[in-house]
Amino acid sequence: MAAPVSLQVEFGGGAELLFDGVKKHQVTLPCQPEPWDIRNLLKWIKQNLLKERPELFMQGESVRPGILVLINDADWELMGELDYKLQDQDNVLFISTLHGG
Amino acid sequence: MAGGAEAARLSAEIGQREQELRGLRDRLAAVLAGGSGAAAEGSGAAFPGELPPLPAQASLSPADILRYSRQLVLPELGVRGQLLLARSSVLVVGCGGLGCPLAQYLAAAGVGRLGLVDHDVVETSNLHRQVLHGEARRGVPKAASAAAALRLLNSGVQYVPYCGALDPRTALELVRQYDVVADCSDNVPTRYLVNDACVLAGKPLVSGSALRLEGQLVTYNYQGGPCYRCLFPKPPPPETVTNCADGGVLGVVPGIVGCIQALEVLKIASGMGPSFSRFMLMFDAREGRFRNIKLRPKKPDCAVCGDNPTVTCLQDYEAFCGSSATDKCRTLHLLSSEDRVSVEEYKKLLDEQVPHVLLDVRPQVEVDICRLVHAVHIPLSKLEEKDEEYLEYLGKRICEEKQRTNGQTSFPVYVVCKLGNDSQKAVRILQELPAKELGSVLAKDIKGGLMAWASKIDPTFPQY
Ligand SMILES: [Zn+2]
């Protein structure tokens, strides 16, 4: 049984608008038999934080194109993407890329 | 300051004339050389052909030494760096909120040549952030306006305005003529186009972007680093992309990003090397916070810079992204014509005092800017949530109005927004509501929204 995991989940670049405009969320993930990874975190966010129009945030089990996921200020590509095992006190940032100038 | 306006008008005109002259010279050169002038094909004479190489300066003149003395004494730059700058050419794609401050600092610093690309003309709503253009240059092509302003700042730099959109047919040829490219554009297709052209031409790309109160900056394709496609292999769904007109932007935010972008270009051009290759700089103006994000390396399976690229020439980027290469607002066609009225039809209905409810579905911040006094206001987001409090309020207002008729069965509700996109979504929602919510209503939207009202019915109504 994995212990509960406390995270800071952040949204930026406009992605926060899908979460009532709130950029920073302190999140505690409950105990579960499997360790928490980003795949499960996304499911959890969809059920617990995402208010409306999930298609503007997710595509399949991952984030939609144009959203970059950063774990402790590093590109999730470097950390194993969906399979990254979350550690207590991790910071996970979902940032929508900007195109304006 | 009539003299200042006159000077600006004249310098804009000189800029334009010089550009015309340059176009004529290029065409003459092409005719004399027996060539086809292929660079200009498709986009008129706006794009001059091949540029002569910048002369290799062996030393700085006394005038240069005086002009650049405060940066020459920096050991990080020095005479060597200044000479490298003078030999460098930079292509600026987009002369807007990012491109203006970027070009301004590059010109002031003494870069050798600045190519300035923009397909737009200066508009009043640009002036809060596009600080090279002024009131007197409204209606002038931005590339020409920027060149005219920069010439007043530093006449020692060569300026090459390109008054047209970057086009997949000519972009590669253009990018090949420059040493560094700065992406200061405002739309997704152009960002992929610039990236692919830079990869195919082997040029470093310093890419900035800004919206609302945030900015982002990355250097792509620098000495084996990742490209834009390595990070974003697939374009975002068009409905998730927000432009500056819809989302808003605080002028100084692209100003700050454009300045850091200029710094990054200067460091590359003068040999200091970049700071944001494999790093993304994120700027949150609301919190006053900068963040440096470590990015992935170049991806072996990248479609354009990978080991087996599938993109080997430039393609149709508007088709690839499913959106057009401008930042203009999209026009939705959700409703059929019988569910819509024109602003003229709505005006007639008002004049004839036909009982109805006008529902304004814009966000509160836009209602604060301007509104029609008789409108009932419910933001689209509240309708989407089927917010009970708001629906009850709307039902009450419909009831009140209905009492002034003799029990009409389908009571008309006209829905308005800024441009006529959100109003269509709102009509859909109202049509799908069960009859018990609001009673029997006939919802229609007003085509073109309040901006059409301002341009066609009431010229004193503000445009934003
Ligand atoms: Zn790549």
Side chain from CB out, backbone as N, CA, C, O: work out which of these in [X] comes under 4.5 Å of a heavy atom of chain A, or both, or neither.
X: B:Pro233; answer: neither
X: B:Asp183; answer: neither
X: B:Asn187; answer: backbone

Practice item. Assess the side chains of B:Tyr390 and B:Glu385: does a donor N or O sit below 3.5 Å from an acceptor N or O? Key: no

Of the listed residues ([options]), which shares the most heavy-atom pairs with chain A below a 4.5 Å separation?
options: B:Asp327, B:Val188, B:Asn243; answer: B:Val188
options: B:Gly247, B:Ser381, B:Gly96, B:Ser185; answer: B:Ser185
options: B:Gly97, B:Gly215, B:Pro254, B:Ala210; answer: B:Ala210
options: B:Lys294, B:Gln216, B:Lys234; answer: B:Gln216

Is [X] salt-bridged to [Y], cutoff N-O under 4.0 Å?
X: B:Asp284; Y: B:Arg289; result: no
X: B:Glu214; Y: B:Arg212; result: no
X: B:Glu287; Y: A:Lys23; result: no
X: A:Asp90; Y: A:Lys85; result: no
X: B:Asp422; Y: B:Arg362; result: no

With a 4.5 angstrom heavy-atom cut-off, which part of [X] approaches chain B: side chain, backbone, both or neither?
X: A:Ile95; answer: side chain
X: A:Leu70; answer: side chain
X: A:Thr97; answer: both

**Study point:** Crowding at CD, B:Glu388 (>12 non-hydrogen neighbours, <6.0 Å)
**Key:** no

